[in-house]
There are 2 protein chains.
Amino acid sequence: MSRHRKDTAIESVFQALADRTRRQMVERVSQSPATVSELARPFSITLAAAVQHVQVLERSGLVRTEKQGRVRLVMVDPAGLSALRQWLDERRNLWETRLDGLSTILREKPKR
Amino acid sequence: MSRHRKDTAIESVFQALADRTRRQMVERVSQSPATVSELARPFSITLAAAVQHVQVLERSGLVRTEKQGRVRLVMVDPAGLSALRQWLDERRNLWETRLDGLSTILREKPKR
DNA sequence: CAAATAGTCAAGCGAATACTTAATTATTAT
DNA sequence: ATAATAATTAAGTATTCGCTTGACTATTTG
């Protein structure tokens with residue numbers, strides 16, 4: 001698993017969630033699968049815009065979709081969310097252990 | 001704490017981390033505090049650009065900064081990261097419990 | 001004090017985003 | 001078969017974003 005691919009993966013997750021509308025779509029879909037139209041309704045955006053949001057979410061692995069007839073069902077995909085969780089876990093140790101000794105570091109650091 | 005303020009807070013965290021350079025800056029600073037110049041060095045960007053990144057990170061609560069003489073020290077701030085963690089935790093239950101019954105839901109859903 | 005260093009601010013530029021409208025396709029309902 | 005519904009695609013537009021350059025303000029340092 002190359003470092004670069006991983007980076008772009010998590011990048012797409014952050015980018016997807018950086019948008020308020022998409023975040024709310026993820027939340028909506030976390031309750032139960034929804035169609036693209038259903039996802040569009042609460043916001044004052046066109047269906048076309050909603051389709052584009054769903055595509056962004058799908059590429060990032062935050063949702064899966066499945067076409068059933070003329071409708072596309074959108075549902076959460078654990079992949080994107082666990083990627084986010086993993087990223088967070090990997091870094092948590094880092095800064096948590098650091099914070100314990102932070103004041104100490106600050107006292108030593110100013111060597112300029 | 002109003003719902004809207006919370007939303008914009010997490011929004012700024014996602015937006016901040018959506019950028020590769022800023023993500024790496026957070027990691028660098030997780031090791032130990034660093035000056036703005038030190039943060040700029042590994043990337044081929046100007047100091048001015050680095051300043052802007054630090055400002056974005058600071059507004060999102062991912063880092064704190066402290067001016068010491070002509071130098072500005074940048075260090076991790078637990079706030080932004082725990083905001084992210086909290087957002088994740090709040091949603092995890094939702095989709096995790098959902099996923100157990102997901103195949104069932106899919107079997108029931110197609111009512112069109 | 002003069003020169004070098006670290007950072008900051010403002011303006012501007014190109015690329016990426018989030019949107020729209022309009023045209024098109026596929027499916028379901030009458 | 002016709003009409004309505006759901007989604008998709010393409011193209012264009014306005015805004016936001018990451019970045020640069022250039023001017024300016026501290027602070028060290030020689």
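In this text the structure is predicted, and so the values were computed from the model without any measurement. These values consider heavy atoms only, across backbone and side chains, with no hydrogens, waters or symmetry-generated copies.
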Winner on side-chain proximity to V51(A), out of dA18(C), dG7(C), dT8(D), is dT8(D)
M25(A) CE to dC19(C) P, straight-line distance once rounded to whole Å = 8 Å
Side-chain touch R23(B)/I10(A), heavy atoms, less than 4.5 angstrom | yes
Identify which nucleotide among dG7(C), dT21(C), dT20(D) has an atom closest to any side-chain atom of T35(B), counting heavy atoms from C-beta outward.
-> dG7(C)
Take atom CD of Q68(B) and atom P of dT27(D), then tell me their distance rounded to the nearest Å.
-> 13 Å
Given dT8(C), dC19(C), dG18(D), which nucleotide is nearest the side-chain atoms of K67(B)?
-> dT8(C)
R72(B) side chain near dT8(C) phosphate (N/O to OP1/OP2, under 4.0 Å) | yes
For A48(A), answer base if it contacts any base atom (sugar-phosphate contacts may also be present), sugar-phosphate if it contacts only those atoms, and nothing otherwise; contact means non-hydrogen atoms under 4.0 Å.
-> base
Under 4.0 Å between a side-chain N/O of R20(B) and OP1 or OP2 of dG18(D), yes or no?
-> no
Starting at atom CG of L47(A), determine the distance to atom C1' of dT25(C), rounded to an integer number of angstrom.
-> 14 Å
Heavy atoms under 4.0 Å, any strand shown: does T65(A) hit a base, just sugar-phosphate, or nothing?
-> nothing
At under 4.0 Å, does any side-chain N or O of S37(B) touch on OP1 or OP2 of dA6(C)?
-> no
Would you check if L62(A) and D77(A) make a side-chain contact, meaning some heavy-atom pair closer than 4.5 Å?
-> no
For atom CD of E66(B) and atom P of dT27(D), their distance in whole Å = 15 Å
Once you round it to whole Å, what is the distance between P of dG18(D) and CD of Q52(B)?
-> 9 Å
Comparing Q15(A) and A49(A) on DNA chain C - which has the more 5′ nearest nucleotide = Q15(A)
Can you tell which of dC19(C), dG18(D), dT20(C) lies closest to the side chain of D19(B)?
-> dG18(D)
State whether Q55(A) places a side-chain N or O below 4.0 Å from either non-bridging phosphate oxygen (OP1 or OP2) of dT9(D).
-> yes
Is there a side-chain contact between V74(A) and L57(A), using heavy atoms and a 4.5 Å cut-off?
-> no
Do R59(A) and V56(A) have side chains that get closer than 4.5 Å, going by heavy atoms?
-> yes
Gap between atom CE of M75(B) and atom CD of E58(B) - 0.5 Å precision = 9.0 Å
Describe the nucleic acid contact of V36(A) in one word from base, sugar-phosphate, nothing, applying a heavy-atom distance below 4.0 Å.
-> sugar-phosphate
Starting at atom CD of E11(B), determine the distance to atom P of dT17(C), rounded to an integer number of angstrom.
-> 15 Å
Just compare dC19(D), dG7(C), dC19(C) and give me whichever is closest to any side-chain atom of V71(B).
-> dG7(C)
By nearest-heavy-atom nucleotide on DNA chain C, the more 5' of G69(A) and I45(A) is I45(A)
Are R70(A) and dT8(D) close enough that a side-chain N or O sits under 4.0 Å from OP1 or OP2?
-> no
Look at the rings of F14(A) and W87(A) and say which category their plane angle falls in: under 30° parallel, 30 to 60° tilted, over 60° perpendicular.
-> perpendicular
Separation of atom CZ in F14(A) from atom P in dT17(C), rounded to whole Å = 16 Å
Tell me: CG of L17(B) to P of dG18(D), nearest whole Å?
-> 12 Å
